[in-house]
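Report on the structure given below.
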Amino acid sequence: MPQIAQTDEDIARCFDTIAELRPHVNREDFLPLVRQLQSDRYRMAFLEASGRVVVVAGYRIVTNLHMGRHLYVEDLVTSGNVRSEGLGTQMIRWLRDQAIAAGCAYLDLDSGTQRGAAHRFYFRHGFTIASYHFSEKLVP
């Protein structure tokens, strides 16, 4: 069963797994960055197997004009050495349950265009492509 990372130790234990998805984040900055994100409704959930963190999900429950109240998944990663063991599915189900319990109309996420295996996973779990996400890098 996933748990919310609340203590500094819990958050730090999530680093190795989240780094597989976010390799640009360094270990020294990770805890302060997560604490800063938490001040803006970010939550980090994790799932353990054999005593180590193997799935991490960072998410927020937000409301906007487009989707109303929804749970937005910012980060979702299953450690490469345990993929296809059903652990990511456990996290998706847990996130869905959290969204329903919070009165959300949607469970929503973005996924990089290069992540074909992740897209197949999301399709298998009932997600659809609802929009294009555009961005412009402003800082060199």
Side-chain angles (χ1 to χ4, degrees):
M1 165 84 61
Q3 331 172 36
I4 302 291
Q6 296 182 15
T7 67
D8 288 357
E9 180 183 354
D10 284 345
I11 293 167
R13 291 181 60 234
C14 293
F15 177 78
D16 289 334
T17 300
I18 202 82
E20 292 183 40
L21 179 66
R22 308 286 185 223
H24 62 280
V25 177
N26 66 53
R27 189 177 302 275
E28 296 76 33
D29 295 337
F30 183 63
L31 177 61
L33 181 56
V34 171
R35 289 297 188 203
Q36 179 183 355
L37 293 167
Q38 286 175 328
S39 71
D40 192 23
R41 298 176 291 187
Y42 181 88
R43 299 174 191 163
M44 181 172 280
F46 65 97
L47 184 60
E48 292 181 280
S50 302
R52 56 185 278 281
V53 172
V54 293
V55 183
V56 177
Y59 67 96
R60 298 173 202 261
I61 295 174
V62 296
T63 303
N64 62 24
L65 293 173
H66 170 63
M67 300 186 98
R69 186 171 175 83
H70 63 283
L71 190 151
Y72 178 70
V73 181
E74 292 186 24
D75 311 293
L76 178 59
V77 60
T78 300
S79 186
N81 59 351
V82 296
R83 288 194 185 127
S84 299
E85 294 183 15
L87 300 168
T89 295
Q90 285 182 43
M91 183 62 81
I92 286 289
R93 288 179 179 152
W94 184 85
L95 289 164
R96 189 176 289 124
D97 290 344
Q98 297 302 302
I100 291 167
C104 295
Y106 292 93
L107 174 59
D108 186 40
L109 59 85
D110 290 323
S111 181
T113 56
Q114 76 284 3
R115 298 179 44 85
H119 302 164
R120 288 188 295 277
F121 173 81
Y122 299 137
F123 286 136
R124 281 195 312 272
H125 289 86
F127 288 83
T128 61
I129 298 174
S131 65
Y132 290 103
H133 177 95
F134 293 92
S135 64
E136 175 187 3
K137 186 172 182 172
L138 300 175
V139 179

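Sequence positions, counted from 1, serve as the residue numbers for this chain.
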Decide whether [X] and [Y] are clustered together by the hydrophobic rule: side chain heavy atoms of Ile, Leu, Val, Met, Phe, Trp, Tyr closer than 4.5 Å, transitively.
{"X": "Met44", "Y": "Val53", "result": "yes"}
{"X": "Ile4", "Y": "Val54", "result": "yes"}
{"X": "Tyr59", "Y": "Phe121", "result": "yes"}
{"X": "Val25", "Y": "Tyr42", "result": "yes"}
{"X": "Val56", "Y": "Ile92", "result": "no"}

Work out which heavy atom in [X] is nearest to a heavy atom in [Y]; give both atom names and the distance.
{"X": "Phe46", "Y": "Arg13", "value": "CE1-NH1, 4.0 Å"}
{"X": "Arg69", "Y": "Gly103", "value": "CD-O, 3.8 Å"}
{"X": "Thr17", "Y": "Ser79", "value": "CG2-N, 4.0 Å"}
{"X": "Trp94", "Y": "Ala45", "value": "CZ3-CB, 3.5 Å"}
{"X": "Ile11", "Y": "Gln6", "value": "CD1-O, 4.3 Å"}
{"X": "Tyr72", "Y": "Leu109", "value": "CE1-CA, 3.8 Å"}

How far does [atom1] of [X] sit from [atom2] of [Y], to the nearest 0.5 angstrom?
{"X": "Gln36", "Y": "Leu31", "atom1": "CD", "atom2": "CG", "result": "11.5 Å"}
{"X": "Met91", "Y": "Met1", "atom1": "CE", "atom2": "CE", "result": "11.0 Å"}
{"X": "Cys104", "Y": "Leu95", "atom1": "SG", "atom2": "CG", "result": "10.5 Å"}
{"X": "Gln98", "Y": "Arg96", "atom1": "CD", "atom2": "CZ", "result": "12.5 Å"}

### Task
Apply the side-chain contact (heavy atoms from CB on, under 4.5 Å) test between Arg43 and each candidate in Ile61, Leu71, Leu37, Val34; give the one that qualifies.
Ile61
Under a 3.5 Å distance rule, please check whether [X] uses its side chain to pair with a backbone N or O of [Y] as donor and acceptor.
{"X": "His119", "Y": "Gln114", "answer": "no"}
{"X": "Glu20", "Y": "Gly80", "answer": "yes"}
{"X": "Arg60", "Y": "Asp40", "answer": "yes"}
{"X": "Thr7", "Y": "Asp10", "answer": "yes"}

Within a strict 4.5 Å, meaning less than it, do heavy atoms of the [X] and [Y] side chains meet?
{"X": "Ile129", "Y": "Phe123", "result": "yes"}
{"X": "Thr89", "Y": "His125", "result": "yes"}
{"X": "Arg83", "Y": "Val77", "result": "yes"}
{"X": "Met67", "Y": "Val62", "result": "no"}

### Task
Just do the side-chain contact (heavy atoms from CB on, under 4.5 Å) check on Asp16 and Arg52 with the steps written out, would you?
CA-CA 10 Å; Asp16 289 334; Arg52 56 185 278 281; over 6 Å; no
### Short side-chain donor-acceptor distance under 3.5 Å, Gln90 and Arg93
no
